[in-house]
Visitor: 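The structure follows.
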2 protein chains.
Amino acid sequence: MPGQWQALLAGAPGTALQALDLLASRRRLQPGATVFRRGQAARGLLAVLDGQVGLGLVREDQGQTLERTLRGPQWLDLASAWLDEVHQQDAWCITEADVLELPMAPLRACLQERPELAEGLMRQLARQLRELGGITHELMHMDAEKRLAAWLLRRAAGLSSMALGERKRDIAAQLAIAPETLSRLMRQLKIKGLIDVQGYTVRLLAPDQLRLLAQG
Amino acid sequence: MPGQWQALLAGAPGTALQALDLLASRRRLQPGATVFRRGQAARGLLAVLDGQVGLGLVREDQGQTLERTLRGPQWLDLASAWLDEVHQQDAWCITEADVLELPMAPLRACLQERPELAEGLMRQLARQLRELGGITHELMHMDAEKRLAAWLLRRAAGLSSMALGERKRDIAAQLAIAPETLSRLMRQLKIKGLIDVQGYTVRLLAPDQLRLLAQG
DNA sequence: CGAACCCTTGATACGCTTCAACAAGAGTGG
DNA sequence: CCACTCTTGTTGAAGCGTATCAAGGGTTCG
């Protein structure tokens with residue numbers, strides 16, 4: 001799957017990616033299946049090749065508290081394995097998903113021989129660091145409406161219309177607001193004429209004003 | 001400064017650290033001095049060797065909005081330079097500080113020759129990733145009182161008494177609460193008998209109950 | 001001494017959550 | 001086919017948590 005490796009490690013030479021491909025193991029998981037659990041030792045770097053995986057906490061007595069959703073191809077947990085520690089979150093499949101695991105021991109050996117791979121990995125760590133930094137910034141300084149506006153803009157990625165691929169309560173969870181609040185905010189943005197919502201289809205009617213709302 | 005390098009890149013061999021030492025440049029900065037600005041290109045990896053540096057946003061019209069404070073030895077921005085992008089926050093000295101910069105170009109060359117260094121760096125990126133993940137988790141799911149309890153426990157690091165080395169408003173900023181709220185929360189914890197506060201000295205009277213409060 | 005900080009305390013306002021009720025669609029079994 | 005249940009999203013009313021505004025006291029420094 002060269003395309004997926006390219007997405008996971010942009011810029012790395014093809015021969016190095018092939019070497020990695022030999023080390024990796026793949027699992028095809030059904031919706032709801034556990035990818036890993038909090039407290040479980042991290043044996044390698046994990047990525048979603050295809051599908052959608054949720055990161056957060058699963059409580060036995062009740063449903064799960066989602067913190068982030070990752071859609072493939074995307075790295076899942078790049079930190080725990082490097083530190084030889086345990087995962088700090090639960091991860092479970094939201095849709096059917098292809099999950100890749102790169103065991104640390106052979107990976108370390110491979111990196112000794114191919115230093116150019118290390119830079120690609122470093123870049124990915126940096127990307128996640130930057131992403132998380134943005135999230136903390138939003139949580140610290142922006143209210144729910146601003147966070148939603150920012151989320152809509154990011155999610156639309158320039159397009160004026162999009163289909164929400166996940167449950168609205170999952171969107172709310174990622175924004176750290178109650179589902180009821182999300183519903184109300186959507187209605188308010190609709191009344192203001194900034195967006196149009198029809199079920200799971202959202203059209204951005206005034207992206208510039210949305211951007212203004214998110215920044216100011 | 002071998003001790004400081006050890007703290008920044010634990011586990012790396014001494015000869016490699018010496019090689020890095022030759023590449024690095026140092027600056028001694030006064031309180032209030034800017035380390036870098038938002039939007040400025042990142043030329044290298046930055047670290048605080050000694051002193052205290054604030055990360056956040058500086059507004060020209062008003063004071064700064066602090067998001068995190070870092071006390072040396074600690075890496076400052078490990079992400080931007082790897083991505084060849086600009087810094088996303090402002091950084092300024094809170095106390096007098098020694099700041100170290102490791103320019104990317106020679107660093108890349110050095111990593112090609114010494115792959116063992118790359119792993120040390122990767123570990124540091126992973127540590128920061130894990131730290132930020134913890135912060136977002138707290139911001140998403142814990143109220144102010146719980147965040148404060150968790151902060152006190154982390155800060156005390158096992159000791160039962162400590163001196164707050166920073167202004168209380170800076171502590172409040174890191175917890176994403178108003179200074180007034182921090183003052184009230186401190187008083188409430190004091191009334192509950194969990195801590196004792198005398199100006200800038202805090203004693204943890206009941207760490208176990210604090211831990212319970214932070215987790216439950 | 002006043003000026004400039006800082007922290008504290010009180011009163012009030014607002015954002016968001018929680019609880020409860022209801023509507024709409026999907027799946028199930030009689 | 002309908003009745004039943006389960007899940008999801010929506011809406012309203014009430015309440016909690018935290019911010020904001022305003023005022024006062026304690027330090028430090030010129």
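Letters go in sequence order (proteins before strands), and every chain restarts at 1. Quick caveat: nothing in here was measured; it's all calculated off a predicted structure.
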Visitor: In terms of side-chain heavy atoms, does A:E67 have a donor or acceptor partner in A:Q174 at a distance below 3.5 Å?
Guide: no

Visitor: Do any pairs count as a ring pair (Phe, Tyr, Trp, His ring centres under 6.0 Å) and have a residue in residues 139-196 of chain A, sequence neighbours left out, and if so which ones?
Guide: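 Of all non-adjacent pairs touching residues 139-196 of chain A, those that pass ring pair (Phe, Tyr, Trp, His ring centres under 6.0 Å) are A:H137-A:H141.
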
Visitor: Under a 4.0 Å N-O cut-off, is there an ion pair linking B:E166 with B:R71?
Guide: yes

Visitor: For A:M186 and D:dT11, give me the distance from atom CE to atom C1', rounded to whole Å.
Guide: 16 Å

Visitor: Nearest whole angstrom, please: distance from the P of C:dT8 to the CG of B:L164.
Guide: 10 Å

Visitor: Does a sphere of radius 6.0 Å around CZ in A:R130 hold more than 12 heavy atoms from other residues, nucleotides or ligands, not counting ones at 6.0 Å or beyond?
Guide: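 Result for CZ/A:R130: enclosed.
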
Visitor: Let me know the distance between CG of B:D170 and P of C:dC5, rounded to the nearest Å.
Guide: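 Interatomic distance, CG of B:D170 to P of C:dC5: 15 Å.
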
Visitor: Tell me the interatomic distance from A:L139, atom CG, to C:dG15, atom C1', rounded to whole angstroms.
Guide: 15 Å

Visitor: Pair up each side-chain donor or acceptor in residues 187-197 of chain A with any protein partner under 3.5 Å, not counting sequence neighbours, and list the distances.
Guide:
unit_1 : atom_1 : unit_2 : atom_2 : d
A:K190 : NZ     : A:V197 : O      : 3.2
A:K192 : NZ     : A:E145 : OE2    : 2.6

Visitor: Does A:T95 use its side chain to pair, donor to acceptor, with the backbone of A:Q52 at less than 3.5 Å?
Guide: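 Checked: pair present.
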
Visitor: Find the distance A:L175:CG to C:dC16:C1' and express it as a whole number of Å.
Guide: 14 Å

Visitor: Mark yes or no for whether B:D90, through its side chain, and B:V58, through its backbone, hold a donor-acceptor pair below 3.5 Å.
Guide: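 Indeed, once roles are kept as given, a pair shorter than 3.5 Å links the two residues.
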
Visitor: Do B:Q40 side-chain atoms and B:R37 backbone N/O form a donor-acceptor pair below 3.5 Å?
Guide: yes

Visitor: With side chains defined as the heavy atoms from C-beta onward, is the minimum distance between B:I94 and B:T69 less than 4.5 Å?
Guide: yes

Visitor: If the sugar-phosphate is the primed atoms plus P, OP1 and OP2 and the base is the rest, what is the B/S/- string for nucleotides 18-30 of chain D, using protein heavy atoms under 4.0 Å?
Guide: SSBB---------

Visitor: Tell me the interatomic distance from A:R169, atom CZ, to D:dT10, atom C1', rounded to whole angstroms.
Guide: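 Distance, rounded to whole Å: 12 Å.
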
Visitor: Are A:R68 and A:D170 within salt-bridge range, i.e. N to O under 4.0 Å?
Guide: no

Visitor: For the helix from C:dC7-D:dG24 to C:dG30-D:dC1, what is the angle between the axes at its two ends, each from 5 pairs, rounded to 10°?
Guide: 30°

Visitor: With sequence neighbours excluded, what pairs up with B:R27 under the side-chain hydrogen bond (donor to acceptor under 3.5 Å, both in side chains) test?
Guide: none

Visitor: Mind listing the residues from residues 187-200 of chain B sitting with a heavy atom below 4.0 Å of DNA chain C? Number order is fine.
Guide: B:R187, B:Y200

Visitor: Atom CZ of A:R167 to atom C1' of D:dT10: distance rounded to whole Å?
Guide: 16 Å

